[in-house]
Amino acid sequence: MKTVTLYRAPTTPADVDAVGDWLDDRIDATVRVRDRFCALYGDEPLAEAFADARVLDPYDRETGNTMLGIVRYEERALDDPERAGGVIYDGLAVQRALYDQLSAEERTLDHLHVPVLDRVVGTWGDHDGRWHKRVNVLGQPGLISVPGLYEAPAKPEQYYKEKQRHAMVSGDAPPREVLESTIDGEFLVADDPRTTDALKGYVLQAVHYLSTGETFCDESGCRLHNAHRQPGVVAAQLDTPEFCPRHAERYRS
Ligand SMILES: [Zn+2]
């Protein structure tokens with residue numbers, strides 16, 4: 001791989017330039033950072049593709065609502081991503097749509113593009129017949145979802161119980177500090193200050209996949225591990241050491 005281009009997500013706490021610096025210390029390829037992908041390449045066909053990629057029902061594989069109003073909404077969301085909340089998009093369809101926006105000379109396999117997105121993306125689970133939110137979607141481009149970091153890996157069981165209990169007593173959600181102090185096991189919440197640090201490994205997973213063909217690492221303490229639960233995300237991405245011995249060999253800074 002010769003070049004990796006990352007795309008910023010300014011409406012999120014993810015500091016993509018810092019992720020780029022971290023990556024640059026660990027791989028041979030040239031790392032570049034550009035502005036938001038959707039701001040650079042957003043046009044009507046892309047808005048239509050997002051409309052078509054909307055998950056309408058978590059248990060229905062069929063996606064898409066290309067009614068004119070929805071397409072217009074998606075057009076505005078390309079410019080103003082704050083509007084795009086609450087929707088899950090089919091990650092593979094978004095990946096194809098963003099790929100189509102790349103210029104022919106930048107579509108090569110030696111140039112990986114990694115748009116960091118402020119959208120929630122998911123993939124369909126054939127084994128259980130429902131959509132699963134994802135932190136990343138590997139391939140070209142490699143998608144990274146910032147809200148996916150908070151929402152895709154499950155929080156500790158106690159978190160949901162505590163939230164429910166608090167809602168019954170006071171009618172609202174408990175403050176984050178309360179949740180953090182009462183629940184065993186670590187987890188990331190929306191706009192978590194550890195966002196940038198946690199995303200580094202997910203970006204490297206996209207690089208690793210395109211350059212080696214390997215997906216995730218089985219070692220739970222490795223940045224290339226795909227944890228299904230939040231405490232696992234903290235162990236893989238934020239605790240030391242960064243990598244398992246095999247991947248430390250390859251990605252030592
Ligand atoms: Zn590893």
Side-chain angles (χ1 to χ4, degrees), residues 1-7 9 12-33 91-92 95 109-117 121-123 125 127 132-156 184-189 192-253:
M1 188 177 298
K2 290 201 184 87
T3 312
V4 178
T5 301
L6 311 179
Y7 296 83
T12 74
D15 180 347
V16 174
D17 293 83
V19 174
D21 289 342
W22 180 88
L23 195 62
D24 196 36
D25 283 344
R26 284 160 182 80
I27 63 172
D28 288 332
T30 303
V31 179
R32 300 192 304 199
V33 181
L92 295 174
Q95 186 174 52
L109 286 177
D110 63 2
H111 184 172
L112 171 66
H113 298 264
V114 185
V116 180
L117 301 174
V121 295
T123 54
H127 60 291
H132 296 266
K133 294 176 184 176
R134 299 285 297 266
V135 189
N136 59 12
V137 179
L138 305 181
Q140 171 74 304
L143 308 184
I144 306 289
S145 165
V146 181
L149 177 66
Y150 318 128
E151 297 176 27
K155 295 191 175 67
D184 291 332
E186 292 194 87
F187 54 92
L188 282 85
V189 293
D192 200 286
R194 299 167 291 178
T195 299
T196 300
D197 222 13
L199 285 178
K200 290 170 180 171
Y202 288 96
V203 172
L204 186 64
Q205 289 170 9
V207 173
H208 188 72
Y209 176 68
L210 215 68
S211 46
T212 68
E214 285 174 23
T215 53
F216 309 106
C217 177
D218 291 336
E219 301 282 337
S220 59
C222 180
R223 285 245 195 207
L224 299 181
H225 183 66
N226 181 32
H228 295 293
R229 305 186 61 81
Q230 290 283 345
V233 172
V234 173
Q237 303 301 343
L238 301 169
D239 293 348
T240 52
E242 283 198 307
F243 298 104
C244 69
R246 190 163 70 90
H247 291 124
E249 198 65 42
R250 188 180 175 102
Y251 294 117
R252 177 173 295 137
S253 65

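Whatever order the structure lists them in is the order used to number ligands and atoms, beginning at 1. Only a predicted model underlies this, so the values are computations on that prediction, with no experimental measurement involved.
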Listed by chain and number, what are the side chain to side chain donor-acceptor pair (under 3.5 Å) partners of Lys155, not counting sequence neighbours?
none

For the side chain of Gln230 and the backbone of Ala152, is there at least one donor-acceptor N/O pair under 3.5 Å apart?
no

Parallel, tilted or perpendicular, as decided by the 30° and 60° cut-offs, for the rings of His247 and His208:
perpendicular

Asp110 atom CG, over 12 foreign heavy atoms within 6.0 Å:
yes

Which residues satisfy the salt bridge (charged side-chain N to carboxylate O under 4.0 Å, His left out) test with Asp17, sequence neighbours excluded?
Arg8

Check for me: within less than 2.8 Å of the Zn ion (ligand 1), which protein N/O/S atoms show up?
Cys217 SG, Cys222 SG, Cys244 SG, His247 ND1

Could you work out, with salt bridge (charged side-chain N to carboxylate O under 4.0 Å, His left out) as the rule, every residue matching Arg229, not counting sequence neighbours?
none

